[in-house]
Amino acid sequence: MSALRVSSPPSFMIEQHGVMSRTQALSLLTRHQLYRLVWSGRWANPARGVFVNHTGPLTPAQRDWVALLAAPRGSVLGGLTALTHDSFTSFRTAKPVVVSPMGATPFAYDDVEMHWSTCIDSRDVHPLRLPPRTRPARSVIDAASWERSPKRAREIVLAAAQQGIVAPSTLREALVRRGACRHRGLMVESCLDAAGGIQSLPERDFGQLCRELHLPQPDRQVVLQRADGRYYLDAWWAAFNLAVEVHGIPHMQVEQWDGDLLRLNEVVIDGRRTLVFSSYAIRRHRDVVKDQLRRSTS
């Protein structure tokens with residue numbers, strides 16, 4: 001077999017990490033050369049019509065490209081797999097996730113998690129990014145809606161907002177376009193939570209909880225002026241000497257997380273009793289929150 005000399009790797013080989021479709025491979029090689037590379041054990045043929053220019057273990061990026069090229073025409077990476085290519089670091093999937101057009105012919109390939117959609121257009125798929133994938137907002141919504149666990153779905157939304165992968169407002173716009181899906185209400189709540197603290201809670205949520213306990217409405221966003229700065233209390237009952245802090249989203253950045261803890265310490269040092277809740281707990285674990293408030297105000 002004659003040696004193949006290429007002065008520099010073709011751009012698609014760089015983009016696809018040495019993974020190529022049969023059509024792409026035949027733009028470089030004759031059919032005979034291609035299959036000699038496979039039969040001789042120098043190249044791999046992991047899926048029908050897909051070739052890899054080595055026979056060692058596939059890297060994560062190569063696994064994604066193989067799954068994508070093996071899938072029906074018009075398919076894109078989706079969910080957590082798409083988010084990984086947009087620098088999302090919090091969660092991974094066991095297999096590459098691919099979204100294919102509804103009605104496309106199924107294909108035989110095991111190392112892939114398949115989903116089907118009637119909406120794979122430029123509103124939800126970036127026209128230029130490689131590998132082809134859903135836009136971050138769509139990826140987050142899909143990943144969360146495919147989860148069985150509400151807790152896991154919420155964590156995906158919050159982590160994506162926290163890492164700056166998608167703005168809460170952009171996520172809500174994509175949710176409106178998506179329509180009905182699993183965990184939709186929880187995703188809307190999580191978008192609000194990502195905007196921050198007790199301000200993200202509808203007035204009726206916290207207010208109704210207080211009314212159920214026959215508590216007076218607390219003062220909101222009370223300013224504490226100290227020599228080293230201003231501190232704000234989310235909710236404050238002077239009659240009970242009780243402050244309540246509501247955290248909408250945990251801070252992964254050490255500086256901000258550390259600052260929050262130091263601020264809370266100052267509140268306690270000043271002699272104010274303090275309870276800390278997540279806005280998720282106020283919505284979803286009301287009995288526990290009410291019990292702790294009841295005992296703190298009795």
Side-chain angles (χ1 to χ4, degrees), residues 77-97 99 113-115 117 134-202 204-206 208-209 212 234-235 244-254 256-257 260-261 264 274-294:
L77 296 179
L80 293 177
T81 301
L83 287 172
T84 298
H85 289 275
D86 287 314
S87 302
F88 185 66
T89 60
S90 294
F91 301 94
R92 292 287 188 274
T93 56
K95 296 181 179 182
V97 178
V99 181
E113 178 185 322
M114 285 299 305
H115 295 272
S117 176
T134 51
R135 294 179 187 269
R138 167 70 183 270
S139 302
V140 171
I141 292 169
D142 282 348
S145 67
W146 294 333
E147 290 291 337
R148 292 184 179 275
S149 164
K151 179 177 181 294
R152 170 92 166 185
R154 169 180 163 79
E155 289 170 350
I156 290 171
V157 173
L158 292 182
Q162 189 175 64
Q163 293 177 34
I165 303 298
V166 62
S169 58
T170 303
L171 195 58
R172 291 203 66 187
E173 291 172 4
L175 266 171
V176 171
R177 187 166 62 253
R178 171 65 182 270
C181 62
R182 180 189 288 173
H183 306 310
R184 188 178 189 280
L186 179 59
M187 282 190 269
V188 171
E189 291 176 3
S190 300
C191 290
L192 295 174
D193 290 345
I198 201 168
Q199 297 93 329
S200 70
L201 289 169
R204 66 176 181 274
D205 284 350
F206 198 73
Q208 179 61 33
L209 190 148
E212 291 173 5
D234 287 337
V244 170
E245 289 286 288
V246 179
H247 290 185
I249 179 171
H251 299 298
M252 292 178 66
Q253 296 184 357
V254 173
Q256 189 168 1
W257 174 67
D260 280 353
L261 295 181
L264 185 57
T274 306
L275 296 177
V276 181
F277 302 111
S278 69
S279 52
Y280 178 80
I282 289 176
R283 288 191 179 102
R284 304 281 173 160
H285 300 297
R286 293 173 62 86
D287 289 344
V288 176
V289 173
K290 286 168 65 175
D291 177 64
Q292 292 186 355
L293 278 173
R294 183 185 297 110

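The residues of the chain are indexed from 1 along the displayed sequence.
- Residues I156 and A143 approach most closely at CD1-O, 4.0 Å, considering heavy atoms.
- Proximity of a side-chain donor or acceptor of S139 to a complementary backbone N or O of T134 within less than 3.5 Å is detected.
- Of all heavy-atom pairs spanning P150 and L186, the tightest one is O-CD2, 3.1 Å.
- One N or O on the side chain of R182 and one on the backbone of E147 form a donor-acceptor pair closer than 3.5 Å.
- Summarising the geometry of P136 relative to V166, their closest heavy-atom pair is CB-CB, 4.4 Å, with the distance given to 0.1 Å.
- Between I165 and D86 the shortest heavy-atom distance is CD1-O, 3.2 Å.
- Of the inter-residue distances, the one linking T170 atom OG1 with R172 atom CZ reads 12.0 Å to the nearest 0.5 angstrom.
- Rounding to the nearest 0.5 angstrom, the gap separating the CG atom in D291 from the NE2 atom in H285 is 14.0 Å.
- To the nearest 0.5 Å, atoms CZ (R294) and CD (E212) are separated by 9.5 Å.
- Closest of all the heavy-atom pairs between V157 and C191 is CG1-N, 4.3 Å.
- Nearest heavy-atom pair across H183 and A144 is CD2-O, 3.2 Å.
- If you take CD on E189 and CG on L158, they are separated by 11.0 Å, rounding to the nearest 0.5 Å.
- A side-chain donor-acceptor contact under 3.5 Å links Q163 and S90.
- Distance CZ/R154 to CZ/R284: 9.0 Å, rounded to 0.5 Å.
- Within the 4.5 Å cutoff, no side-chain heavy atoms of V97 are placed close to those of L80.
- Here R92 contributes atom CZ and T84 contributes atom OG1; the two are 4.0 Å apart, rounded to the nearest 0.5 Å.
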Candidate pair S149 and E155, rule side chain to side chain contact (heavy atoms under 4.5 Å, CB included), full reasoning: CA-CA 10 Å; S149 164; E155 289 170 350; over 6 Å; no
Residues V188, L175; criterion side chain to side chain contact (heavy atoms under 4.5 Å, CB included); working and verdict: CA-CA 8 Å; V188 171; L175 266 171; 4.0 Å; yes
